[in-house]
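Below is one structure; the comments refer to it alone.
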Amino acid sequence: MFSLQSLIARTKELLRFGEIVAGSDNEFKLVEYLRDQFERLDLDVDLQRVEVLTWIDKGSSLEVYVPGRQHIDIPAAAIPYSPQGDLEAPLVYGGTCLKGELDGLDIEGKLVLVEWFKDELDDVKYQYLKAVERGAVGVVVYDAYLGRLLRRIVITGTKDYRFTAAPPPPVPVISITREDGLFLKKLLEHEELKARLIVETEVRQGSTGYNVSITFNGKREEEIIVGTHHDRWFTAVVDNTIGVAMLIELANALRKRPPPLRTIKLISFTAEESGAPGFSPWYWIYGSRCYLKERLSNDDIDKIYAFLSVDVLGTGRPIISVAGYELQALAERLTQDVNAEYEPLTSYSDCYSFGLHGIPSLCIHTIPSYLKYYHTNEDSLEKVDLKLLQDASHILSRLLDALAYQGQSLDYLYYLQVIRRKLRELKANVLDFQLKTLINYLKNAKEHDIRKAFKVINQAFYLPCLLGYYEELHKPFITIFLPQLEILHDIKSLKRALIYMEKGDIEEAKKTLCKIPPVRIVPGFEILLPSINVRPLIRLLNEKSIKNEHLLKLIRLFLSVAEMEGRDSISSLEKLFKIVIDVLKGIYDVRIPRFRYVGTLTWALNMEYTL
């Protein structure tokens, strides 16, 4: 649809605007550029104003004083949302702060040198919070990778990821390169060091960011939205200057084509990287959330047929992250000649905002293979795999052509077949009757009602989860399809552990129980999905003084509780299927539920959205 040569040229042109922070002067300059480019194509440009939190690094430095030598200047970048500060204090080494390195170490009133936790870069906030809890007055984080990298990943002031406001981080924090961090660590092995940390940052509440959109009107009201985000840390090419360049080149290409069947909207979002007001711990994808909030209040959100996006197109195999097997079926059919990987919808990009409303959504990305340069000063054009860009643009073009120009419908029957396979794998056959009823009504339902019904399913069945406690797990959120039934896996594990115990094989029983997560958290909403914490049981299995017959009774007791939760989960899904059937029948004076676990065994309908 457009050439790689023009895409690269456009990317280079966009880099001149520097770091783009939501609500900043640089963002406004970029938005004006986008408006000018689109207006030159005789396209009407819509600017949606979004109230954001703006955080800007105005200059940070680290001076280290070595006894008997002159001070050493270490290049540094403030980590968002660091407050400003100018302080001098002893510098001590704290490891990662996550593996007990601070135990017995006096860091109160001191600066702490910390090694960025490589296994999960986003968990730098837990490293920071651990140091702050122990009394550190400032934190210096050196990167997990060699390469003279400075990195920005937002740090907030609480351990959770709530959507609402929260306290800001209280003490300054900066990023330095791994090379400089290892040098300082070596010095600290032999000498006591003092350092001066200077952080100049500006924080503005109530700034204005902009979502920029253009429309290619089709013969139908249904809309296919192609989106990306224009804010970026440093002058990041992969995240996400290339995405913005692709949007502009796509607009140029579409302008030359006849009108589509379905309306096409191209949107560049603000505040994807940061900007949610009030130092919200779920600081990202705020611009797209505001866009959909406005669409919801305007009562035209149902026009959105599907959302397609690109983000972090760097190196490696393209990953297609999808909410809705009806959309995934189409994507798989159109990309058989592309070596792509599929996964449930990521919660780390704007596509998740659309998934929250049940809209079939898709994002093409390469985040796992680009972590070394993710959010760093070395995210540059030289790192980009041109073959990957070509594959991603082909995927996007084919999907857009099929959905907007050919007007192809999504395969909802395939979606129900996927659900049936999943339920049978989990032996949740009691839901077969509801599925059969759904299939029967699907055959005769109106297209509008079908889309509404599957929005309900998408909302309930795709949830990001953390399989453990925030401060312990240190792994990314994973989106699970049908997470309400993960408790059935726990039941299987408990049954296997019981068999091992009956055979006297305590070690295998412990290994089996260790696979059961103590808790399943849905970040953002901060709600709990069904789970059973067997940690107390595992501890008792280590006690040789407890008789085997008592342990068997305990496992059976835990199993009985898990089975009760499993039955409650299935009962809740039965209620959900009844709602979906009503919607297919054209009865939508109902509410879309998100299930919230509110007690030991109790489910309730919560967080409702009007259809």
Side-chain angles (χ1 to χ4, degrees), residues 1 222-229 239-240 242-243 246-247 250 260 262-269 272 285 288-289 291-292 301 303-314 316-368 388-412 414-415 418 451 454-455 457-459 461-464 477-481:
M1 192 173 285
E222 295 167 343
E223 298 173 3
I224 308 300
I225 296 180
V226 180
T228 190
H229 69 88
D239 190 14
N240 189 30
I242 281 177
M246 197 173 284
L247 207 69
L250 185 58
R262 291 191 176 104
T263 294
I264 299 172
K265 283 186 180 290
L266 306 184
I267 307 178
S268 183
F269 294 109
E272 193 270 358
I285 62 171
S288 53
R289 283 187 276 152
Y291 173 78
L292 288 159
I301 196 169
K303 291 181 180 178
I304 305 173
Y305 192 82
F307 175 74
L308 312 174
S309 65
V310 293
D311 197 4
V312 192
L313 294 176
R317 182 184 180 191
I319 298 172
I320 302 179
S321 182
V322 193
Y325 277 97
E326 74 275 49
L327 180 58
Q328 183 166 331
L330 176 64
E332 288 179 352
R333 181 167 56 80
L334 295 175
T335 60
Q336 291 178 9
D337 60 335
V338 179
N339 184 25
E341 174 186 345
Y342 284 83
E343 67 173 10
L345 190 71
T346 175
S347 57
Y348 293 100
S349 193
D350 284 313
C351 54
Y352 180 58
S353 299
F354 288 79
L356 282 172
H357 291 270
I359 297 164
S361 309
L362 178 152
C363 177
I364 309 165
H365 72 91
T366 62
I367 293 174
L388 166 72
L389 282 188
Q390 194 169 45
D391 286 346
S393 62
H394 285 167
I395 294 167
L396 183 62
S397 298
R398 290 172 189 176
L399 282 165
L400 188 59
D401 193 63
L403 290 167
Y405 286 93
Q406 298 173 27
Q408 291 189 29
S409 297
L410 298 176
D411 191 345
Y412 299 100
Y414 173 79
Y415 197 160
V418 171
R451 286 175 52 212
F454 279 82
K455 280 178 65 176
I457 292 174
N458 280 339
Q459 278 193 308
F461 285 9
Y462 285 90
L463 293 176
F477 308 153
I478 58 170
T479 301
I480 298 177
F481 180 66

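A donor-acceptor contact closer than 3.5 angstrom links the side chains of S353 and S288. With hydrogens and angles left out, the side-chain atoms of N458 and H357 include no donor and acceptor closer than 3.5 Å. A donor atom on one side chain and an acceptor atom on the other are found under 3.5 Å apart for T335 and Y342. Checking S349 against D311 by side-chain atom types alone, a donor-acceptor pair falls below 3.5 Å.
To the nearest 0.5 Å, the span separating CG on L399 from CZ on R333 amounts to 10.0 Å. Remark: L400 CG to L266 CG distance equals 8.0 Å, nearest 0.5 Å. How far OG of S397 is from CG of L334: 11.5 Å, rounded to the nearest 0.5 Å. To the nearest 0.5 Å, the span separating CD on E326 from CZ on R451 amounts to 10.5 Å.
The shortest heavy-atom contact between C363 and C351 is CB-SG, 3.4 Å. For the residue pair Y352 and L345, the shortest heavy atom distance occurs at CA-CD2, 3.7 Å. Residues T366 and R317 share a closest heavy-atom pair of CG2-O, 3.8 Å. The two residues H229 and S268 make their nearest non-hydrogen contact at C-OG, 4.2 Å. Closest heavy-atom contact between Q459 and G358: CG-N, 3.4 Å. Residues L396 and I364 come closest through the heavy atom pair N-CD1, 4.1 Å.
Shown here are the side-chain hydrogen bond (donor to acceptor under 3.5 Å, both in side chains) partners of T228, two or more places apart in sequence or in another chain: N240. Under the rule for a side-chain hydrogen bond (donor to acceptor under 3.5 Å, both in side chains), the partners of E332 that lie at least two apart in sequence or sit in another chain are Q328.
Between the side chain of S347 and the main chain of P464, no donor-acceptor pair closer than 3.5 Å is present. Between the side chain of Q408 and the main chain of L403, no donor-acceptor pair closer than 3.5 Å is present. Looking at T479, its side chain never comes within 3.5 Å of a backbone N or O of P344 through a donor-acceptor pair. In this structure a side-chain-to-backbone donor-acceptor pair under 3.5 Å is present from Y462 to G324.
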Please lay out, stage by stage, how S361 and L327 fare under the test side-chain contact (heavy atoms from CB on, under 4.5 Å). CA-CA 7 Å; S361 309; L327 180 58; 5.5 Å; no
Candidate pair D411 and L330, rule side-chain contact (heavy atoms from CB on, under 4.5 Å), full reasoning: CA-CA 7 Å; D411 191 345; L330 176 64; over 6 Å; no
Step by step, would you call I367 with I319 a side-chain contact (heavy atoms from CB on, under 4.5 Å)? CA-CA 8 Å; I367 293 174; I319 298 172; over 6 Å; no
Just do the side-chain contact (heavy atoms from CB on, under 4.5 Å) check on I225 and Y291 with the steps written out, would you? CA-CA 12 Å; I225 296 180; Y291 173 78; 3.8 Å; yes
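A tilted orientation is assigned to the rings of Y415 and F454, their planes being inclined by 30° to 60°.
A centroid separation of less than 6.0 Å is found between the aromatic rings of F477 and Y348.
D350 places none of its side-chain heavy atoms less than 4.5 Å from the side chain of I267. Looking at heavy atoms from C-beta onward, H394 lies out of side-chain contact with D337 at the 4.5 angstrom threshold. At least one side-chain heavy atom of D401 sits less than 4.5 Å from a side-chain heavy atom of Q406. Between T263 and Y305, the closest side-chain pair of non-hydrogen atoms is not below 4.5 Å. Contact check for I301 versus I359: side-chain heavy atoms found under the 4.5 Å cut-off.
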